[in-house]
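Each remark here refers to the structure printed beneath this line.
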Amino acid sequence: MLETQDSVAMLGYAGLGCTAGGTEPADWMNAVLRGRSLPLELYLGELAGALQRQFPPHLRQLPIKFGAAHSVVVSAFLNGEPRLYSIDIVLSADRKTHRFRYTRHVSGQVPSDPPRTPRIALAGSGASFLQRDVQWLRQLLKLVRACDAQRIEPHIVADFLAALSNRVSCGMADKSVGPRSIVVWRHRNGGARIGGGGHQFYNGIVREPDSGILPMLANGLDIQALVRAAMPFIEPQMSQLREHAPVKEIDRDGMNAALAKLPDQPDETLK
């Protein structure tokens, strides 16, 4: 998740799920962009450059049968306007060279009309499965419109997307798509729901009780890291409130010391 001077954006990805050293791309992207306060497209430019420099050695380690490619799909509201970007890198069959692009996607464009952002984007090995039968598309868009009009809650749309992901997982013969998924949503600030959003973790079609904290940057500030550092000092007070017990004062010095240890500069090294 990325909040910038001019946008709110979601960065999803398909391809490399984890390096041999145990680093997930979501955490790496957080490290690349933290400590910077930039407009969205400059953020994405920084990320694109770091990905092109850092990813090829790790993609070469992927099994040959799965190919070697990675895509970052960025869905955003830029100054209230929906935008879709992607950053893509594909290694050749012999893994010696690669092709790369960072682009904004538009559809239905003719010279006299303004660019129009596509309603749907698919990435990863499951994309081909979904393209075989697109009956799901009409139902999904119907649910999204109903959610935007506040006739249904966002979790109804999330349940549908999780079920769709689970269908892909069950239908992929190579098992390259797992049963667990995360559905994330954000509302446009000027829309009926006045911004905000949420996320839900799923195991198949079942909502997981703990959806955790997603990596999130707000104008370069690592929100996930701040919450994790502060929570050990805040949780005792929350427990005391739940138990209607006397609430002890927070160890502010200890919490500030923990927060002071957090890195606040960009780091593009992918281990």
Do [X] and [Y] touch side chain to side chain, with heavy atoms closer than 4.5 Å?
X	Y	answer
N219	Q5	yes
N166	S181	no
R116	V106	no
V157	W185	no
L2	V8	no
Y202	L161	no
C147	I156	no
V72	M29	yes

Problem set entry | Residues L47, V74; criterion side chain to side chain contact (heavy atoms under 4.5 Å, CB included); working and verdict | CA-CA 11 Å; L47 180 62; V74 183; 5.9 Å; no
Working to the nearest 0.5 angstrom, can you tell me the gap between [X] [atom1] and [Y] [atom2]?
X	Y	atom1	atom2	answer
I87	S71	CD1	OG	10.0 Å
E243	M238	CD	CE	12.0 Å
L164	W136	CG	CH2	6.0 Å
I213	I223	CD1	CD1	10.5 Å
R180	S165	CZ	OG	11.0 Å
D88	Y13	CG	OH	15.5 Å

For this session: Among residues two or more places apart or on two chains, list those pairs meeting salt bridge (Lys or Arg N to Asp or Glu O under 4.0 Å) that have a residue in residues 13-38.
Result: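 Pairs touching residues 13-38 that pass the test: R36-E46.
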Problem set entry | Any residue meeting salt bridge (Lys or Arg N to Asp or Glu O under 4.0 Å) with R228, in chain and number order, not counting sequence neighbours | none
For this session: Can you sort out the partners of R104 under salt bridge (Lys or Arg N to Asp or Glu O under 4.0 Å), two or more places apart, ordered by chain and number?
Result: E81
Under 3.5 Å: donor-acceptor pair, side chain of [X], backbone of [Y]:
X	Y	result
S37	G220	no
Q52	R101	no
S169	V177	yes
T23	K271	yes
S86	V73	no
Q54	L270	yes
H199	S211	yes
E208	F201	no
Q237	K248	yes
H70	L16	yes

Exercise. Less than 4.0 Å between a side-chain N and a carboxylate O, is that true for D159 and R207?
Worked result: yes
Around atom [atom1] of [X], are there more than 12 heavy atoms of other residues, nucleotides or ligands at under 6.0 Å?
X	atom1	value
R138	CZ	no
L78	CG	yes
R132	CZ	yes
R60	CZ	yes

For [X] versus [Y], what's the shortest heavy-atom pair and its separation?
X	Y	answer
G124	A14	CA-CB, 3.5 Å
W28	T269	CD1-O, 3.6 Å
D210	G212	OD1-N, 2.9 Å
V32	A50	CG1-CB, 3.9 Å
H105	P118	O-CD, 3.4 Å
F160	L140	CE2-CB, 3.7 Å

Exercise. Would you say L262 and I234 are hydrophobically clustered, going by side-chain heavy atoms of ILVMFWY under 4.5 Å?
Worked result: yes
Exercise. Do Y43 and M216 belong together in a cluster built from hydrophobic side chains that touch within less than 4.5 Å?
Worked result: no
For this session: Applying side chain to side chain contact (heavy atoms under 4.5 Å, CB included), run through L44 and Y102 and close with a yes or a no.
Result: CA-CA 8 Å; L44 298 182; Y102 158 43; 3.3 Å; yes
Exercise. Taking it one step at a time, do M1 and Q224 satisfy side chain to side chain contact (heavy atoms under 4.5 Å, CB included)?
Worked result: CA-CA 10 Å; M1 302 307 307; Q224 184 190 52; over 6 Å; no
Problem set entry | Side-chain H-bond candidate by donor/acceptor type, Y85 with E41, under 3.5 Å | yes
Exercise. Could you go step by step and tell me if L91 and T97 meet the side chain to side chain contact (heavy atoms under 4.5 Å, CB included) rule?
Worked result: CA-CA 6 Å; L91 267 62; T97 61; over 6 Å; no
